[in-house]
Participant: 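Just passing along the structure, written as structure tokens.
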Number of protein chains: 2
Amino acid sequence: MLNNQPEADLDLVFQALSDRTRRAIVVRLCGGPASVSELAGPFAMSLPAIVQHLQVLENSGLVSSEKIGRVRTCSIVPATVRLAEGWLGARRTHGERRLDRLQAFLAAEPDSEPQSHEPPPSIPPRSTP
Amino acid sequence: MLNNQPEADLDLVFQALSDRTRRAIVVRLCGGPASVSELAGPFAMSLPAIVQHLQVLENSGLVSSEKIGRVRTCSIVPATVRLAEGWLGARRTHGERRLDRLQAFLAAEPDSEPQSHEPPPSIPPRSTP
DNA sequence: CGAATACTTAAGTATGTGCTTAACAATCAA
DNA sequence: TTGATTGTTAAGCACATACTTAAGTATTCG
């Protein structure tokens with residue numbers, strides 16, 4: 001699916017990934033497309049339960065599927081995996097940039113003259129509706 | 001927290017990230033530590049609601065906090081961000097390796113002699129408890 | 001055709017999630 | 001000490017999730 005509405009998309013993607021059965025399905029699909037029953041095979045739960053997990057995955061945009069004859073074949077959507085990974089990457093990058101600056105700040109500490117040393121905490125607040 | 005039990009950890013981490021308020025808090029904390037009320041500031045919801053979100057984040061291992069005097073200061077735990085990012089990275093890597101092989105397969109297709117062309121779908125099943 | 005296969009739909013249930021308000025600490029400052 | 005600040009705890013409510021079983025619907029095969 002993917003609404004192109006980043007926050008809503010990330011809601012759905014991370015939510016989809018928060019269940020280990022669904023993560024296992026994603027892992028399986030990264031090895032190539034599979035039918036619903038192939039996907040259900042390894043699990044102890046009922047087929048409808050798996051189908052519901054697949055709906056969550058498809059709704060999140062992590063998985064797509066096509067039905068041919070009586071078999072539905074599911075595949076991953078790598079772009080969606082990248083979307084989530086990208087969000088986390090940005091966090092890590094920003095966080096680590098900040099950490100680097102903080103370490104530099106602490107390293108150059110022995111009471112040198114106060115240059116543009118931004119003090120570590122207290123950053124301007126963000127707006128969120 | 002982090003149980004060192006990868007699947008359970010990922011459950012908690014992805015679940016924590018599946019809420020946009022919590023993601024906004026993570027974004028904010030990537031800019032540096034903050035107190036509970038600083039974190040609550042931008043949001044329209046009650047303080048206890050934010051505290052509950054912080055509990056989810058802390059329980060997932062994405063955030064740690066320490067109380068000094070009457071103010072609790074929260075920070076991100078970059079290692080946990082990396083844990084989730086790493087899982088997704090592994091998916092992308094495997095998935096794209098597979099896609100590469102598939103593309104190679106399709107590229108070398110004009111009915112050449114059947115070498116060790118593994119047919120694209122149908123991969124050996126995985127075991128999952 | 002008739003039966004097996006591969007899902008699909010519907011309905012129900014137990015538990016979890018995301019809030020709320022109200023009341024209660026604990027700490028700091030005048 | 002009094003009162004403001006900063007957070008915590010508890011209870012409750014509406015809605016979402018993760019299943020279940022039972023009963024369908026297409027499709028393909030013999």
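Note that these values count all heavy atoms, side chains included, but never hydrogens, waters or copies made by symmetry. Each chain gets a letter, A, B and so on, in the order its sequence line appears, and its residues count up from 1. What you are looking at is a predicted structure, and each value in this text was computed from that prediction instead of being measured.
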Participant: Any chance the side chains of B:Gln15 and B:Ser60 put a donor and an acceptor closer than 3.5 Å?
Facilitator: no
Participant: Ignoring the backbone of B:Arg22, work out which of C:dG18, D:dT8, C:dC7 is nearest its side chain.
Facilitator: C:dG18
Participant: How many whole angstroms separate atom CZ of B:Arg72 from atom P of C:dA26?
Facilitator: 14 Å
Participant: Measure from the side chain of B:Leu47, starting at C-beta and using heavy atoms only, and say which of C:dC7, D:dT8, C:dG18 lies closest.
Facilitator: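 The nucleotide sitting nearest to the side chain is D:dT8.
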Participant: Can you find a donor-acceptor N/O pair under 3.5 angstrom joining the side chain of B:Glu38 to the base of D:dT6?
Facilitator: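 Looking at the base of D:dT6, it does not pair with any donor or acceptor on the side chain of B:Glu38 (distance under 3.5 Å).
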Participant: C:dC19 phosphate, OP1 or OP2: any side-chain N/O from B:His53 under 4.0 angstrom?
Facilitator: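 The answer is yes; a side-chain N or O of B:His53 sits under 4.0 Å from OP1 or OP2.
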Participant: Rounding to an integer number of Å, can you tell me how far A:Ile68 CD1 sits from C:dT5 P?
Facilitator: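 Roughly 21 Å, once rounded to whole Å.
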Participant: Could you state the interatomic distance from CG (B:Leu57) to CG (B:Leu29), rounded to the nearest 0.5 Å?
Facilitator: 8.0 Å
Participant: Report yes if a side-chain nitrogen or oxygen of A:Ser46 is closer than 4.0 Å to either non-bridging phosphate oxygen (OP1 or OP2) of D:dT20; otherwise report no.
Facilitator: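 Yes, because at least one side-chain N or O of A:Ser46 sits under 4.0 Å from OP1 or OP2 of D:dT20.
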Participant: Give a yes/no on whether any side-chain N or O of A:Lys67 is located under 4.0 angstrom from OP1 or OP2 of C:dT8.
Facilitator: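 Answer yes for this pair, as a side-chain N or O of A:Lys67 is under 4.0 Å from OP1 or OP2.
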Participant: Nearest to the side chain of B:Ala49, which nucleotide is it out of C:dA6, C:dT20, D:dT8?
Facilitator: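 Selected nucleotide (nearest to the side chain): C:dT20.
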Participant: Tell me whether the side-chain N or O atoms of A:Gln52 pair up with the base of D:dT20 as donor and acceptor below 3.5 Å, since no angle test is needed here.
Facilitator: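 Looking at the base of D:dT20, it does pair with a donor or acceptor on the side chain of A:Gln52 (distance under 3.5 Å).
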Participant: Does A:Ser35 place a side-chain N or O at less than 4.0 Å from the phosphate oxygens OP1/OP2 of C:dC7?
Facilitator: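 The answer is yes; a side-chain N or O of A:Ser35 sits under 4.0 Å from OP1 or OP2.
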Participant: Flag the pair B:Gln55 / B:Val51 as yes when at least one side-chain heavy-atom distance between them is below 4.5 Å, and no otherwise.
Facilitator: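 Yes, side chains in contact.
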Participant: Given atom CD of A:Gln55 and atom P of C:dT8, what is their separation to the nearest angstrom?
Facilitator: 8 Å
Participant: Under 4.0 Å, heavy atoms only, any strand: does A:Gln15 hit a base, just the sugar-phosphate, or nothing?
Facilitator: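 Sugar-phosphate: the residue A:Gln15, judged by heavy atoms under 4.0 Å, touches backbone atoms but no base.
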Participant: For A:Arg20 and D:dA18, what is the distance between atoms CZ and C1' respectively, to the nearest whole Å?
Facilitator: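 Rounded to whole Å, this separation is 13 Å.
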Participant: Using whole Å, report how far CG of B:Asn59 lies from C1' of C:dT17.
Facilitator: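 Checked: the CG to C1' distance equals 14 Å.
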Participant: Classify the ring geometry between B:Phe14 and A:Phe14 as parallel (under 30°), tilted (30 to 60°) or perpendicular (over 60°).
Facilitator: parallel
Participant: Mind listing the closest non-hydrogen atom pair of B:Thr21 and B:His53 along with its distance?
Facilitator: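 Where B:Thr21 meets B:His53 most closely, the heavy atoms are CG2-CD2, 3.7 Å.
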Participant: Check whether any side-chain N or O of B:Arg70 sits under 4.0 Å from OP1 or OP2 of D:dT8, and answer yes or no.
Facilitator: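 Answer no for this pair, as no side-chain N or O of B:Arg70 is under 4.0 Å from OP1 or OP2.
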